[in-house]
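In what follows, a structure is listed as structure tokens, so that the remarks can point back to it.
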Amino acid sequence: MNDRYDAGYGADPYELVGYDEYGQPIYRQVTPSQPAQQQGYDPYGQQGYQTPQGYGYDPYAQGAQQAPPYDPYDTGVQQTGAGYAPYDPYGQTVAGGQQQAEQPRAAEQTAYIPQQAGPADDGTDGRTGERTPEQTPERTPERTPERDEREYHTAQFAFVEEPDADSEDVIDWLNFTENRTERREEAKRRARGRLVALAVVLSLVAVGGVGYLWFAGKLPGTSSSSGSKAGATTASAAQKRDVVVVHLHNTSGGGTSTALLVDNTTTKRGTTVLLPNSLVLTDTDGTTTTLAKSVDDDGSDGTRDALDTVLGTDIEGTWRLDTPYLQNLVDLVGNIEVDTDTDVPDPAAKKKGQAPLVSKGEDRTLSGKMAVAYATYRASGEAQNAQLERFGQVMQGVLRKVSSDPGAATTTVQTLAQILDPSLTDKDLGTFLAKLSDLAKGGDYKTALLPVRADGTLSAEESESVVKDVLGGTAKSPDKDAAVSVSVQNASGTKADTEDARVVLLNGGFTFLDGGTASAAQTASQVLYADAADKENATEVAKTLGLPTGAVKKGKVSGNADVSVVLGQDYKPSSA
């Protein structure tokens, strides 16, 4: 309670509740405890006296306009008939006791709310300082009790918001921020999707690459023969191969060398398979012979068919390469590089002790003449396979220098002007050599020697790595138990005796091997056996040829035969 007193008035019926925004006090009327209204003290006892000017308090005046009483504290509170009324900062006079009880609450509500710039309490615009008619509050000299409704203006309420011109910009910015965030998230999702797809593709490529390397036998520690034998057989049989047989004829020193050129189009690998001359073959008439004899006697067609039978291959053509053509071929491709394993003397050297034509060493550059000398060289007492392997080195060196373009390779073959087998044309051979050249340059080419036993036959286990894996065939050497093989050398001086002995032995159930012709004739014939178990067979051979049993002796037998026969001048042909 405010301790505001005035002489003769007693307790102040108004209570201070706060201050408005301009620092003016705001009062609230306190309801008297007694129903009778307290009247102010009149020290002069002139109640109800009205001055000529209309000032003073008249308790009996009804509806008459009275001047406001004197406020010694200048608080701006007007006294009405019911007491003091609070000061209205907006210039609105509140009349009547009932309405005066509500007025302080309205002031209390607006006292603590910050107001924006607007009309001042004096009716002027707070921003421009000018009074606007619509903002100037109307002052009514008197409010009747019958009127309860109050007139409010927008300037009285600070919570009325004016539209913000930047609200649309804020909304646009929020939308932009949200859209940008969504775009970033979508970009991240797409990036993650691409990474997952890339990982899947790389995994598939890696698995496929490893599978191919395993299938081709290129993985470290594996080979085409590793793993399950059944699986290897199926994979080998399903591969596509192009095979050409090449026979090197030594026109100056005699003899031949044979190799198979293999292009595996499935695994993209090439191989030169070297065939020893001692390999046993069977002619179409059932005669057993050697590879060397077949090349000399039966020619290309007969030898090709015999090789297909023994190896289970499908040779497409025969390339006869005489040594003069090999020399021209090396010169045409611009020399070759070979790791030589021995010194090779010059065949045309007239004096001993001259420098070798080919020196032993790595990456030796060989001209055409040097290549022929190295490919045909066989040292005294050296096995034929050593010379055969040198021939393989020269062939691989030539393939590395031949053009990989089919047209250019065909031109090289045509330039040689050699006579080819009818089964192989210049274009076919040129295209075939170009494919092998591409493999040899890429490191996908090798040379393999066919393992042949001492008797010229093949062992399925020993020859599997070549016959089965490289050629995709099956070894089918003549069965030794089916018939006794007999090697016949003609030393009678009559060439026809060899053919006569062949017919007689074949009719007798033996296998005939041509042992050639002896350099000198001899008088008595001989039937030799090396193993005691073959003595009986040797005796049967002598009886079949019409030779005396005394001709049967133990001695040296050709490696491919069970019994060896040397026909002397005492042999009597069956026709005679």
Side-chain angles (χ1 to χ4, degrees), residues 243-263 270-277 291-292 295 318-348 356-379 382-404 409 412-413 415-416 418 420 429-430 432-450 466 470:
V243 183
V244 171
V245 60
V246 54
H247 300 296
L248 177 64
H249 288 259
N250 188 352
T251 56
S252 59
T256 59
S257 301
T258 303
L260 298 178
L261 304 181
V262 183
D263 176 20
T271 307
T272 296
V273 178
L274 304 175
L275 305 180
N277 283 334
L291 175 60
V295 173
T318 299
W319 181 19
R320 173 168 177 156
L321 184 63
D322 293 350
T323 49
Y325 294 112
L326 175 60
Q327 179 174 340
N328 294 338
L329 178 60
V330 173
D331 291 336
L332 283 174
V333 298
N335 299 335
I336 61 175
E337 285 73 34
V338 175
D339 295 338
T340 58
D341 60 358
T342 186
D343 292 338
V344 178
D346 187 354
L357 179 63
V358 178
S359 300
K360 180 181 177 180
E362 296 180 356
D363 292 331
R364 298 296 185 184
T365 300
L366 305 182
S367 63
K369 180 181 178 181
M370 298 168 66
V372 169
Y374 184 76
T376 58
Y377 179 72
R378 180 179 178 183
E382 195 173 36
Q384 191 261 338
N385 288 347
Q387 175 268 320
L388 189 62
E389 291 178 348
R390 297 186 185 106
F391 169 54
Q393 287 181 282
V394 171
M395 287 303 302
Q396 187 164 347
V398 170
L399 292 175
R400 284 197 295 262
K401 297 299 291 288
V402 172
S403 175
S404 299
T412 301
V413 172
T415 306
L416 293 176
Q418 61 183 339
L420 298 175
L429 181 58
F432 181 73
L433 293 179
K435 294 179 180 179
L436 295 182
S437 175
D438 191 49
L439 296 175
K441 293 173 182 177
D444 296 323
Y445 200 94
K446 65 179 181 179
T447 300
L449 175 66
L450 178 67
V466 176
V470 177

### Query
Any donor and acceptor pair, going by atom type alone, linking the side chain of D343 with main-chain N or O of K360 inside 3.5 Å?
yes
### Task
Starting from the C-alpha separation in whole Å, work towards a yes-or-no answer on side chain to side chain contact (heavy atoms under 4.5 Å, CB included) for Q418 and L429.
CA-CA 12 Å; Q418 61 183 339; L429 181 58; 4.1 Å; yes
### Query
Do L248 and T376 pass the side chain to side chain contact (heavy atoms under 4.5 Å, CB included) test, and can you show the C-alpha distance, the side-chain angles, and the key distance before you say yes or no?
CA-CA 9 Å; L248 177 64; T376 58; 4.2 Å; yes
### Whether Q393 side chain and D339 backbone form a donor-acceptor pair below 3.5 Å
yes
### Task
Measure across G270 and L439 and return the closest heavy-atom pair with its distance rounded to 0.1 Å.
N-CD1, 3.5 Å
### Task
Compare all side-chain heavy atoms of L260 with those of L275 and state whether any distance is below 4.5 angstrom.
yes
### Nearest heavy-atom neighbours spanning L274 and A259
CD2-CB, 3.9 Å
### Side-chain donor-acceptor contact under 3.5 Å, T272 with Y445
yes
### Query
Pick one: which of Q387, R378, H249 meets side chain to side chain donor-acceptor pair (under 3.5 Å) with S257?
Q387
### Message
So does T323 get a backbone contact from the side chain of N250, meaning a donor-acceptor N/O pair under 3.5 Å?
### Response
no
## Note on the structure
Residues at least two apart in sequence or cross-chain that pass salt bridge (charged side-chain N to carboxylate O under 4.0 Å, His left out) with D322, listed by chain then number, are R320
### Message
Donor-acceptor check, side chain of K401 to backbone of E337, threshold 3.5 angstrom: yes or no?
### Response
no
### Task
Specify the closest pair of heavy atoms between R400 and A440, including all atoms of both residues, with the distance to one decimal.
CG-CB, 3.8 Å
### Task
Supply the atom-to-atom distance D263 CG to L433 CG, rounded to the nearest 0.5 angstrom.
10.5 Å
### Query
What pairs with L332 under side-chain contact (heavy atoms from CB on, under 4.5 Å), at least two apart in sequence or on another chain?
T412, T415, L416
### Task
Compare every heavy atom of V394 with every heavy atom of Y374, then report the nearest pair and how far apart it is.
CD2-CG2, 3.9 Å
### Query
To the nearest 0.5 Å, what is the distance between NZ (K435) and CG (L399)?
14.0 Å
### Close side-chain approach of Y377 and P347, heavy atoms under 4.5 Å
no
## Note on the structure
For D341, the salt bridge (charged side-chain N to carboxylate O under 4.0 Å, His left out) test, sequence neighbours excluded, returns R390
### Query
Is there a donor-acceptor pair under 3.5 Å between the side chain of T340 and the backbone N or O of G361?
yes
### Query
Are L450 and P276 side-chain neighbours, meaning at least one heavy-atom pair lies under 4.5 Å?
yes
### Message
Quick check: do N335 and S367 have side-chain heavy atoms less than 4.5 Å from each other?
### Response
yes
### Task
Please round to the nearest 0.5 Å and tell me the distance separating atom CG of L436 and atom OG1 of T271.
9.0 Å
### Query
Do V413 and W319 come close enough that some side-chain heavy atom pair is under 4.5 Å?
no
#### Entry: Nearest heavy atoms of Q384 and T256, plus distance in Å
NE2-O, 4.4 Å
### For the student: nearest non-hydrogen atoms of A409 and G430, plus distance
CB-O, 3.3 Å
